[in-house]
2 protein chains.
Amino acid sequence: MKILIIEDNRDLVQVLSEGFAENGFDVDSAYDGIEGIGKIRSTDYDCIVLDIMIPGIDGYEVVEKAREEGKDTPVIMLTAKDSIEDRVEGLNKGADDYLVKPFDFRELVARINALTRRHSELKRPILNCGPLMLDPIARECKADGEIIPLRRREFDILELLMRFENQVFTRERIIAHVWKKEYDGTSNVVDVHVKYLRDKLRPFNLDVVVVTVRGVGYKVICPAYE
Amino acid sequence: MKILIIEDNRDLVQVLSEGFAENGFDVDSAYDGIEGIGKIRSTDYDCIVLDIMIPGIDGYEVVEKAREEGKDTPVIMLTAKDSIEDRVEGLNKGADDYLVKPFDFRELVARINALTRRHSELKRPILNCGPLMLDPIARECKADGEIIPLRRREFDILELLMRFENQVFTRERIIAHVWKKEYDGTSNVVDVHVKYLRDKLRPFNLDVVVVTVRGVGYKVICPAYE
DNA sequence: CCTCAATGATGAGGATCTTCATGGTGTCTC
DNA sequence: GAGACACCATGAAGATCCTCATCATTGAGG
């Protein structure tokens, strides 16, 4: 299993390389877009881990170029937290999954495995829950083919819950994942955004999808399977 | 020079350790609060790099305990992006500086050097510019002793400019530092927040402190030295 | 000096997010 | 079943942030 890391932070590259090596991956690296493109051209990788903010050609263009040249190697993008929302077009250029910095290394490995496992079938991870569909890359949420415009918090919460369907998340864990900070124990932000989310799903008779688990937290269920 | 890293992400610990070693530091590490406290008790470090979100006892409590026990070793906190604002009290528990993840390794080294150099004199880095004073740890901005309430963006921009007084920052660099994303070239967010900032400084005749450098960006000057 | 174009400043409006207060609902005990 | 309590849902208001359109300023070239 051959992996290419394109990332200008050399320290991060070193950590990742060692981590991957421990996981039995064969690792190669590039420190900017030009070098990255070159390596993609000359070698067949099983997966590419690509930072967006790199010197010269940025990550989006790297994916685009790779795709134009017929490479369909799975690509996981690393992105800073705020870059997500306003880059939807860029995100559509062909990446298969993404991870927000700072991230958990185990999660990165999990996503690489998920992508390479199903490589050659459907790649981009689309989350489904009955008629509800969520595309984390396009950052789109649809029900019955109709786009439901979600705001950042709503989207992030729904994505988290849908990635682990039927698994309960405490407010702490939701805050930690979505807000990337610790829970002070008093705020009810999560509740409020869950309400917003339900309000938007209700017209599709889907608000039951987000279920309250009293005394614990929230989870997403797929009503079709009930 | 002996440094202790308290951080649960073992990969990050390894990167940092190696980086520090290259800089001639003697490195020790702990993976949670309890272990950290223990090591602080038993050893005299020159500096402690401390993540806030660690298992068990969190970073704030570690600093607090260390200070209660009379340790005045400089502490640099690592914090996720959103944790800043609503943790002012926690931040006041005795840390000397902080760094927002994801950060640049060179910046961490620079801050360690700054802290240890002036250890035993004034430690906590207070940024001054004539009558204007900014405390990044307390997240407070004062003029003539009076607190000027700044919002997140305003504070972050002012802090960046004041850390490098008289140095021009382009909108790109400001966006990269404060928003931690790349600049799309169209938005005028920076301009707007600079205006907000000036509006708040004007009552103190301090809006001239933030200077426009036409065609380039903004910088902070200290009018007293003119 | 005048004009034009580029650049920055500003005002207004709206989108999003958060907090707070209140009321409802489930759960436990007696 | 009634009451007490914890937990959750909701409405409303305000804080913060961002976009857009417009106006002012600056600098260059004629």
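We name chains A, B, ... by the order of the sequence lines, and we start the count at 1 in each one.
B/Lys65 has no carboxylate O lying under 4.0 Å from a charged side-chain N of B/Glu61, or vice versa, which leaves the two without a salt bridge. Using a 4.0 Å cut-off between a side-chain N of Lys or Arg and a carboxylate O of Asp or Glu, A/Asp199 and A/Lys195 qualify as a salt bridge. With respect to A/Glu146 and A/Lys142, no salt bridge is recorded, no charged nitrogen being found less than 4.0 Å from a carboxylate O.
The interatomic distance linking A/Arg152 (CZ) with D/dC18 (P) rounds to 9 Å, in whole Å. To the nearest angstrom, C1' of C/dC17 lies 15 Å from CG of A/Leu150. Here D/dT16 presents its C1' atom at 17 Å from CZ of B/Phe155, a figure rounded to the nearest Å. In this structure, the CG atom of A/Leu197 is 12 Å from the P atom of C/dC17, given to the nearest Å. Here the P atom of nucleotide C/dG11 and the CZ atom of B/Arg198 are 13 Å apart, to the nearest Å. For B/His193 and D/dA15, the NE2 to P distance is 16 Å, given to the nearest whole Å. Summarising the geometry, the separation between CG on A/Asn188 and P on C/dT22 is reported as 14 Å, rounded to the nearest angstrom. Atom pair B/Glu172:CD and C/dT7:P shows a separation of 12 Å (rounding to whole Å applied).
Between B/Arg214 and D/dT25 there is no side-chain polar atom (N or O) within less than 4.0 angstrom of OP1 or OP2. Between A/Arg153 and C/dT18 there is a side-chain polar atom (N or O) within less than 4.0 angstrom of OP1 or OP2. In terms of phosphate contacts, A/Trp179 brings a side-chain nitrogen or oxygen within less than 4.0 Å of OP1 or OP2 of C/dT18. For D/dC8, one of the phosphate oxygens OP1 or OP2 lies less than 4.0 angstrom from a side-chain nitrogen or oxygen of A/Arg171. Phosphate contact (OP1/OP2 of C/dT19, side-chain N/O of A/Ser187, threshold under 4.0 Å): present. Residue A/Thr212 places at least one side-chain N or O closer than 4.0 Å to OP1 or OP2 of D/dA9.
Residue A/Val192 is in base contact, counting any heavy-atom pair closer than 4.0 Å across all strands shown.
For B/Asp199 and C/dT10, a side-chain-to-base donor-acceptor distance below 3.5 Å is absent, hydrogens and geometry of angles not being considered. With hydrogens and angles ignored, no donor-acceptor pair under 3.5 angstrom links the side chain of A/Asp191 to the base of C/dT19. Contact annotation: side chain of A/Tyr196 to base of C/dT18, donor-acceptor pair present below 3.5 Å.
No donor-acceptor pair closer than 3.5 Å links the side chain of B/Glu165 to the backbone N or O of B/Met162.
Nearest nucleotide to the side chain of A/Val189, out of D/dA9, C/dA6, C/dT19: C/dT19.
When only modelled atom types and interatomic distance are considered, A/Arg198 and A/Thr212 share a side-chain donor-acceptor pair under 3.5 Å.
Toward the 5' end of DNA chain D, the nearer of the two residues B/Arg151 and A/Lys195, judged by each one's closest nucleotide, is A/Lys195.
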